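Worksheet: one structure, shown below.
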2 protein chains.
Amino acid sequence: MKRTKKLYICKHNLSQAIMQHISSRQEYIEECGLIMEQSGLTRMVGRIIGYLAVSDKELVSFDEFTEVLQASKSSISTSVKMLTTMNLIKPATIPGDRKTYYRLAPDYCWSQIMRLKTGVLSTMYAMFMKGLDFRIRKADKTSQWLVEAAEFYKFMEQEIPALLDKWEERKTKSGE
Amino acid sequence: MKRTKKLYICKHNLSQAIMQHISSRQEYIEECGLIMEQSGLTRMVGRIIGYLAVSDKELVSFDEFTEVLQASKSSISTSVKMLTTMNLIKPATIPGDRKTYYRLAPDYCWSQIMRLKTGVLSTMYAMFMKGLDFRIRKADKTSQWLVEAAEFYKFMEQEIPALLDKWEERKTKSGE
DNA sequence: TATTTAGTTCTTTATGAAAAGAACCAAAAA
DNA sequence: TTTTTGGTTCTTTTCATAAAGAACTAAATA
């Protein structure tokens, strides 16, 4: 079940407003699904984060996810694996218990989720620069447009990692 | 024809490498389609930008797009409308000519494409803050995790627009 | 007035990925 | 050894949407 991720006119402002009117945990979990889906993950992954966020238990078992989220084992398995790979959640085990539990990763480094997305910036830069290679007139309006586009992505490609460094630095300081 | 937009492991580095080996305009246009698709637009929209980027003519007509991109009128119509709405391209007309031509928008403000995407940051902030509302223990590990997540998105929500302001300021200065 | 041109807007088709289902496997328990 | 538990990994189904196709429209031309 693939849903829209495309938002030509900013649908997020809507989500923000909706967020204020949510009254039940159930609703909250579903909304997390929709938001995470929009931001490029899957609906089920969002639901898992949402449930972990509002559950009073710190540890939630695999089968509790299937029950409370009304989802198949395969879907939960794939989703927790994805979240584990992303380091967003961590598996946990209990002595004398065969089940696997999951918790929100306590040491999760938020900047890493953003760093992954900066790859697109260098690709866009490369794309616009490459366009110039094909141009006969290297200084016409189209060429200028390409240069400007490339400059923007170059700027972003440099500044965003710097911002993330700033955040990480702030975190390590406050952690001391 | 929907293609992948999902890239759990950064596929963009691949795109970057591919970009270096592109030798024909045809190939370039197709790669633009794939890249723009990954970044959340459509393949056809990417092809249009790609063709405008490597065409020696500044103005390209509607039917030239259909011919060179081997696409239907409806697809081109929808795509140019989308690009026009985004201000990325501008329609142009010629006296005594009934056709509509398009060019890359000469005054396009690159930061605006990024500003649209910052909406997701405030939504994520709202989402994590809302999660706290449902929690009984407001200081346990899960609550701490939510606070940290919210703080990160708050930080980004503030810093990215500041970065875009910086870019715009630089542009107006260099334009003087 | 009839026809062509240029493009828009519905409807249909095709695709690809999220989720479900089924088959499978390893370890623990009976 | 057989069965159950807990979960993984294939295969299948479903569904949203990008693109194509078809029907339509307005303006210009014949």
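Note that the structure is predicted; figures quoted are calculated from it, not measured. Every chain is numbered from 1 and lettered A, B, ... according to where its sequence line falls, protein lines coming before strand lines.
Between the C1' atom of C/dA17 and the CD atom of B/Gln38 lies a distance of 15 Å, rounded to the nearest Å. If you measure from atom CD1 of B/Ile76 to atom C1' of C/dT9, you get 16 Å, rounded to the nearest angstrom. What separates CG of B/Leu34 from P of C/dT15 is a distance of 16 Å, to the nearest Å. Going from atom CG of B/Asp97 over to atom C1' of C/dA6 covers 10 Å, rounded to whole Å. The NZ-C1' distance, from B/Lys81 to D/dA19, rounds to 17 Å in whole Å. Between the CG atom of B/Leu69 and the P atom of D/dA18 there is a distance of 17 Å, rounded to whole Å. Atom NZ in B/Lys99 sits roughly 10 Å away from atom P in C/dT5 (whole-Å rounding). Atom pair B/Arg47:CZ and D/dA20:P shows a separation of 8 Å (rounding to whole Å applied).
Under 3.5 Å, the side chains of A/Thr172 and A/Glu168 contain no donor-acceptor pair of N or O atoms. When only modelled atom types and interatomic distance are considered, B/Asp140 and B/Thr142 share no side-chain donor-acceptor pair under 3.5 Å.
A centroid separation of less than 6.0 Å is found between the aromatic rings of B/Tyr153 and A/Trp110. Between A/Phe134 and B/Tyr28, the ring center distance clears the sub-6.0 Å criterion.
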Sugar-phosphate or base contact per nucleotide [nucleotides 22-28 of chain D; S, B, -; heavy atom under 4.0 Å]: B----BS

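Relative to the side chain of B/Phe62, the nucleotides C/dT8, C/dA20, D/dT8 differ in distance, and C/dT8 lies closest.
OP1 or OP2 of C/dA19 lies within a sub-4.0 Å distance of a side-chain N or O belonging to A/Thr42. A close approach under 4.0 Å does not occur between any side-chain nitrogen or oxygen of B/Ser72 and OP1 or OP2 of D/dA19.
Within the 4.0 angstrom heavy-atom criterion, only backbone atoms of the sugar-phosphate kind lie near B/Thr100; the bases stay farther away.
For the pair A/Ser79 and A/Gly96, nearest-nucleotide mapping onto DNA chain C gives the more 5' position to A/Ser79.
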Donor-acceptor pairs under 3.5 Å, side chain of residues 46-55 of chain A to any protein atom, not counting sequence neighbours: which ones?
unit_1, atom_1, unit_2, atom_2, d
A/Arg47, NE, A/Glu30, OE1, 3.1
A/Arg47, NE, A/Glu30, OE2, 3.0
A/Arg47, NH2, A/Glu30, OE1, 3.2
A/Tyr51, OH, A/Glu64, OE2, 2.5
A/Ser55, OG, A/Lys57, N, 3.2
A/Ser55, OG, A/Lys57, O, 3.2

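Note: B/Trp145 and B/Phe128 have perpendicular aromatic rings, judged against thresholds of 30 and 60 degrees for the angle between ring planes.
Under the 4.5 Å side-chain criterion, counting only non-hydrogen atoms from C-beta, B/Glu37 is in contact with B/Leu34.
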